[in-house]
J.: 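Before I ask anything, here is the structure I am working with.
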Number of protein chains: 2
Amino acid sequence: MEIDEILERFHPLPAGSREALKARISEAEYPKGHTLIRSGRVEKTLYFIRSGIVRAYSDADRGDVTFWFGKEGDVVISMKSYVSGQPGYEHVETLEACDLYQMKALDLESLFASDIHIANWGRKLIGQELIKTEERLISMQFKTAQQRYLDLLSSTPDLLHRVPLCHIASYLGITQVSLSRIRAEIR
Amino acid sequence: MEIDEILERFHPLPAGSREALKARISEAEYPKGHTLIRSGRVEKTLYFIRSGIVRAYSDADRGDVTFWFGKEGDVVISMKSYVSGQPGYEHVETLEACDLYQMKALDLESLFASDIHIANWGRKLIGQELIKTEERLISMQFKTAQQRYLDLLSSTPDLLHRVPLCHIASYLGITQVSLSRIRAEIR
DNA sequence: CAAAAAATTTTACAAATGATAAAAAGCGAA
DNA sequence: TTCGCTTTTTATCATTTGTAAAATTTTTTG
């Protein structure tokens, strides 16, 4: 997915503002298994995914728990770092070789301070992430694991071919064994 | 909590921008049990809580499920309406008599378009909501119901005196009976 | 292709949670 | 206070989910 298309996903931008953003964006490739964001740090870079897939996870007693998948067109930010300037709680690693657009958080910050269109674009971007997170939270409270699995199957079927089931299970808030049971039941 | 203090909670504002916001804000009182936001509509008003407590909930098979509590200093918005302009999925009702500051979403929208400080303030506001939502999502995935209850107890102990346990249970993603068991176990 | 490694599924048992019903406790109004 | 109502707790049993270990399948590597 090309950068113009990605930037327009969140909110329309006047050509001048879009060019100002693009002037700060560079490209980078990373292999599978590369860690883009590490917890406990204030992250200084953010990414847009041109191609590939990544996961965000945090450490827990029972190993790491995946709470987000990002794919083509998505933004990769340590939200905590980005919003509050405090060390984040998440790791983000590539699950495939990835082509990314990258940008310094400080560059974006200074564009926010000087360009009102970019400030509003950033507001919309965060807003859309918020809706997605809220909808996931609600689905965790409302729905059974089986329903959540079926939802995932219909909304992003490709995820199941591209990501190991252990990460899918943890994303659904269940164990690998439970997921296996659900899959057997449906078959 | 006074309006200046609430507005400053999210991001510092120059005096002029703060006054521009305050010029669009009025006060209102609502009794306990009043519905501020109804699902299926595009909400045109947003609120800041001066005093009192509210809950957001959605309809499910097994009755309504509470997914957010707001108290003094918090913002009450239908996020879906506000961010995407589409009908929201949540109801918000007062659980106590509430003193609120209220504002038309369109007024805020036009301030976003004309005042860069307010646009960035709005960005920070949404960002902080996102962090809170993300942390709750993670705690739903990582933690047992008992841990979530203990977390709630230590972070907002007053909630338990002000809100019926049926709403607390649904907020924690468990039944009233399970919550009762957890409470008995701890005692 | 065969061996090794990794991922996934299956099994058996234990623990946690849900559903339901009924009892107990708390609370406001007459 | 007592009555009537709501909220909370307790008890029982059924179901779901977790843990641990083994079996199976798939993928990787030589």
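Numbered from 1 within each chain, the chains take letters A, B, ... in sequence-line order. What you see is a predicted model; the values in this text were computed from it and never measured.
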J.: Is A:Thr175 near enough to D:dT17 that one of its side-chain N or O atoms lies under 4.0 angstrom from OP1 or OP2?
T.: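 Result: no.
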
J.: Just the rounded figure in Å: distance from P of D:dT7 to CD1 of B:Ile168.
T.: 13 Å

J.: Among all residues two or more places apart in sequence or in another chain, which pass the salt bridge (Lys or Arg N to Asp or Glu O under 4.0 Å) test with A:Glu5?
T.: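 Residues passing salt bridge (Lys or Arg N to Asp or Glu O under 4.0 Å) with A:Glu5: none at all.
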
J.: Could you state the atom-to-atom distance from OH of B:Tyr149 to C1' of D:dT8 in whole Å?
T.: 12 Å

J.: Can you find a side-chain donor-acceptor pair between A:Tyr89 and B:Glu135 that sits under 3.5 Å?
T.: no

J.: Using the ring pair (Phe, Tyr, Trp, His ring centres under 6.0 Å) criterion, which residues pair with B:His91? Sequence neighbours excluded.
T.: B:Tyr57

J.: By ring pair (Phe, Tyr, Trp, His ring centres under 6.0 Å), which residues pair with B:His34, not counting sequence neighbours?
T.: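 For B:His34 the ring pair (Phe, Tyr, Trp, His ring centres under 6.0 Å) partners, ignoring immediate neighbours, are B:Tyr30.
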
J.: How would you list, by chain and number, every residue that makes a ring pair (Phe, Tyr, Trp, His ring centres under 6.0 Å) with B:Tyr47, sequence neighbours excluded?
T.: none

J.: Measure the distance from CD on A:Gln146 to C1' on D:dT17 and round it to the nearest whole Å.
T.: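 Rounding to the nearest Å, CD of A:Gln146 and C1' of D:dT17 are 13 Å apart.
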
J.: Using whole Å, report how far CD of A:Gln141 lies from C1' of C:dT17.
T.: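 It is 16 Å, rounded to the nearest whole Å.
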
J.: Restricting to pairs with a member in residues 86-95 of chain B, which pass salt bridge (Lys or Arg N to Asp or Glu O under 4.0 Å), not counting sequence neighbours?
T.: B:Arg55-B:Glu93

J.: Could you list the cluster mates of B:Ile116? Members are the ILVMFWY residues connected by side-chain heavy atoms closer than 4.5 Å, either directly or through other members.
T.: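 A:Ile116, which link up through side-chain heavy atoms under 4.5 Å apart, make up the rest of the cluster.
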
J.: Without decimals, in angstroms, what is the distance between A:His161 NE2 and D:dT26 C1'?
T.: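 The answer, rounded to whole Å, is 15 Å.
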
J.: Calculate the interatomic distance between B:Arg162 atom CZ and D:dT7 atom P; express it in whole Å.
T.: 18 Å

J.: Can you give me the bend angle of the helix from C:dC1-D:dG30 to C:dA30-D:dT1? Use the axis through the first five pairs and the one through the last five, nearest 10 degrees.
T.: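 The value is 40°.
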
J.: Would you kindly give the CG-to-P distance between A:Leu172 and D:dG18, to the nearest whole Å?
T.: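 Spelled out: CG on A:Leu172 to P on D:dG18 is 11 Å.
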
J.: Do the rings of A:Phe69 and A:Tyr171 sit parallel, tilted or perpendicular, given the 30° and 60° boundaries?
T.: tilted

J.: Please, which pairs that meet salt bridge (Lys or Arg N to Asp or Glu O under 4.0 Å) have at least one residue in residues 9-20 of chain A, sequence neighbours excluded?
T.: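 Qualifying pairs, neighbours excluded: A:Asp4-A:Arg18, A:Glu8-A:Arg18, A:Arg9-A:Asp74, A:Glu19-A:Lys22.
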
J.: Using a 4.0 Å heavy-atom cut-off to protein, can you give one letter per nucleotide of nucleotides 9-16 of chain D, 5' to 3': B if the base is in contact, S if only the sugar-phosphate is, - if neither?
T.: BBBB----

J.: Without decimals, in angstroms, what is the distance between A:Met140 CE and C:dT17 P?
T.: 13 Å

